[in-house]
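Have a look at the structure below, then the notes.
For ligands, and for the atoms within them, numbers begin at 1 and follow the listed sequence.
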Amino acid sequence: MLHRPSFRSSIRFKLTLWFALTLAILMLSSEIFWDRHLATILEGNTDSRLARTGDILADLGHKGAYDEPGVEEAQCEEIKNFLRRHNWGVAIQQRNPHGEPTCVSEDIGDLRFPLNRRALRQLSQGGTYFETFSSETGERYRVMTMPLYDDDRLVDVLQVGENLEATDTALALLLWKRIIYTPLLILLLSGCGWFLAGRALLPLQRITDDIRKITAENLNLRLPVSHKKNELTELSITFNETLERLANSFSRIKQFTGDASHELRTPLAILKGETEVSLRWAKGEEELRQTLASNLEEIERMEKITEGLLHLAKSESGEFHLNLSVFSLNDLLQDLYIHSKTLSDPKKIETILQMQVDHEVFIRADQMHLHRALLNFITNAIKYTPEGGQVIIALALNDEQEARIHVSDTGMGIPAEHLPHIFERFYRVDEARNRNIGGTGLGLSIVKAIITAHHGRIRVLSTPGQGSEFIVYLPLDPALDTATPAAVSA
Ligand code: ADP
């Protein structure tokens, strides 16, 4: 079943949406910033123009004593004439120290520039004051207010104003153009974004199509990996690696179930056959008892197999938990030695324990599992050694960093071509012979899982007809003082 994403939930749509939103925010904020910046520059230009005009007009106004009658009117006339001649587009307004207008340009009619407190404070400090002022008719003026002095005496206040209509119109025009063009631009760029997102996601679509072709039946299929290194190549490589692991565990499971059913089939067939025969032909109680005894053997064998398989399944699925504790290897081997004697005595096999260490060796490990693994070597050694043979159990140290446990026998040995396989599940060197001895072929694979879980390793030396030696190397915990039991409790 195809699970195509809906248009609105698609990455392509979301990418484009985010792109458009980010673009809109960036463009809007940059436009607001540049608009304000432009307005500040234009205002600065107007202010310096007003200041220059004010200086010129102030000079014109200082050509006589203010107290003399008629001087003020004459000066007003001169200023107006000057402005008429130069046509700078500025209007003036002159006020006496009481704030009353004494000279006003004709072009502003009844309009009066304001003279507020802040302006007065600025004037009292000898400074010039700039402000933007809106008339009742909606006209905007930039007004400069400056003091006029006669020998350090404030005689007049000069206000020069410039109509901001031209600047406002230019700024408004710019704003309108932006209001129209910006969305269009965002739309156009979002279209480009949609196209690019589509192109960028195309390889992903191809990968999805390829993945769809892979099923449990063809786990050997792999995604094509382009020689160009990019994120998608990495994805394909990672996916292929995962697929590899999946295929491996899949085939392991197949092998496992195949092996298990194959191994259980033989004892089941024997059980069935023997039961059928005795049901049909058994003459007396004794014969039936023999059949039941034989059946019990097969059942025990199946029990061993299922137990072993369960153990291996746990270790392969990572559920194999070690219950670590600190204990003495010397004690463990001593215990195993006693155990092995009860097994070897009936076969008249001599068991020897050799402690090739001059002190006790402590280890941090799972005692129960380690006991099980080492016992497996010992039972194998006894199993595959004929009567009158010898089994040696030894403990030694490798540079104080590794413990070495040897289990050697004088048994039948293992031919060299079988050695690499004896740790495989259900592997038996000689099927017919082993069946009589009673092995399941699972023992050594379980042992290997246990020793590997302890970060140890196993070495096998064997000469057919002479005997075998299994050596287990176990790392020692450097934090433990292996020589002193006192340190164990630490
Ligand atoms: P089994 O239950 O058959 O003993 P193992 O996994 O323990 O299974 O051993 C695998 C095979 O390795 C055995 O079937 C046997 O042929 C061989 N083997 C193991 N230990 C010895 C030994 N000490 N001497 C000879 N052969 C051995």
Side-chain angles (χ1 to χ4, degrees), residues 255-256 259-260 262-267 270 297-316 320 333 336-337 339-341 343-344 347-354 369-394 405-453 456-472:
Q255 172 98 31
F256 200 92
D259 285 353
H262 177 262
E263 289 304 314
L264 289 171
R265 206 183 304 143
T266 318
I270 294 171
E297 260 178 40
E298 289 306 323
I299 290 169
E300 278 169 354
R301 200 178 137 69
M302 286 200 296
E303 198 180 16
K304 266 194 213 164
I305 293 177
T306 42
E307 249 180 44
L309 280 174
L310 200 69
H311 198 95
L312 278 176
K314 272 190 182 170
S315 75
E316 285 188 11
F320 189 61
L333 289 201
L336 283 164
Y337 168 68
H339 215 101
S340 66
K341 281 207 66 77
L343 295 171
S344 61
K347 267 187 95 177
K348 297 190 178 54
I349 291 172
E350 187 192 8
T351 312
I352 302 167
L353 176 65
Q354 291 177 350
H369 278 129
L370 209 57
H371 187 277
R372 179 181 183 162
L374 296 176
L375 186 63
N376 201 92
F377 286 129
I378 294 167
T379 47
N380 273 355
I382 296 168
K383 227 164 36 175
Y384 300 112
T385 300
E387 273 193 20
Q390 198 180 51
V391 171
I392 302 173
I393 306 164
I405 301 154
H406 299 247
V407 177
S408 49
D409 60 62
T410 55
M412 57 185 65
I414 305 161
E417 68 270 23
H418 293 286
L419 276 180
H421 306 291
I422 55 170
F423 291 97
E424 289 169 13
R425 245 187 344 248
F426 297 117
Y427 193 86
R428 290 181 212 122
V429 173
D430 180 346
E431 283 275 341
R433 181 191 71 192
N434 285 353
R435 190 159 176 81
N436 294 335
I437 296 175
T440 61
L442 287 175
L444 286 184
S445 35
I446 295 173
V447 167
K448 194 178 174 197
I450 294 174
I451 302 300
T452 312
R457 62 203 157 90
I458 307 167
R459 199 171 155 219
V460 193
L461 306 166
S462 190
T463 313
Q466 284 186 23
S468 318
E469 184 174 16
F470 287 80
I471 311 166
V472 177

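- Here is the list of ligand 1 atoms found below 4.0 Å of a heavy atom in Ala381: 23 (N).
- Near Ile422, meaning under 4.0 Å from one of its heavy atoms, ligand 1 places the atoms 10 (C), 12 (O).
- Considering both main-chain and side-chain atoms, Phe470 never comes within under 3.5 Å of ligand 1 through any nitrogen or oxygen pair.
- Atoms of ligand 1 found under 4.0 Å from any heavy atom of Lys383 (numbered from 1 in listed order, with element): 1 (P), 2 (O), 4 (O).
- Checked by atom type and distance alone, the side chain of Lys347 pairs as donor or acceptor with a backbone atom of Thr385 at under 3.5 Å.
- Between atom 6 (O) of ligand 1 and the options Leu444, Val447, Thr379, the minimum heavy-atom separation is to Leu444.
- Of all atoms in ligand 1, numbered sequentially from 1 with element shown, those under 4.0 Å from a heavy atom of Arg428 are 3 (O), 14 (O).
- Ligand 1 has no N or O atom lying under 3.5 Å from any N or O atom of Ile414, backbone or side chain.
- Minimum heavy-atom separation, Pro464 to Pro415: CG-CA, 3.6 Å.
- In terms of N/O distances under 3.5 Å, ligand 1 is approached by Val429.
- In terms of modelled atom types and a separation under 3.5 Å, the side chain of Ser468 and the main chain of Ser462 share no donor-acceptor contact.
- Remark: ligand 1 atoms within the under-4.0 Å shell around heavy atoms of Asn376 are 7 (O).
- For Thr385, no heavy-atom contact with ligand 1 is shorter than 4.0 Å.
- Considering every non-hydrogen atom in both Thr351 and Tyr337, the closest pair reads O-CE1, 3.4 Å.
- Residue Gly411 places no heavy atom under 4.0 Å from ligand 1.
- By the 3.5 Å distance cut-off applied to N or O atoms, Ser445 is not counted among the residues near ligand 1.
- Nearest heavy-atom pair across Gly443 and Asn376 is CA-OD1, 3.5 Å.
- Thr410 places a side-chain N or O within 3.5 Å of a backbone atom of Gln390 that can act as its donor or acceptor partner.
- The side chain to side chain donor-acceptor pair (under 3.5 Å) contacts involving residues 441-450 comprise nothing, where partners must be two or more places apart or lie in separate chains.
- Relative orientation of the Tyr427 and His421 rings is tilted, given thresholds of 30° and 60° on the angle between their planes.
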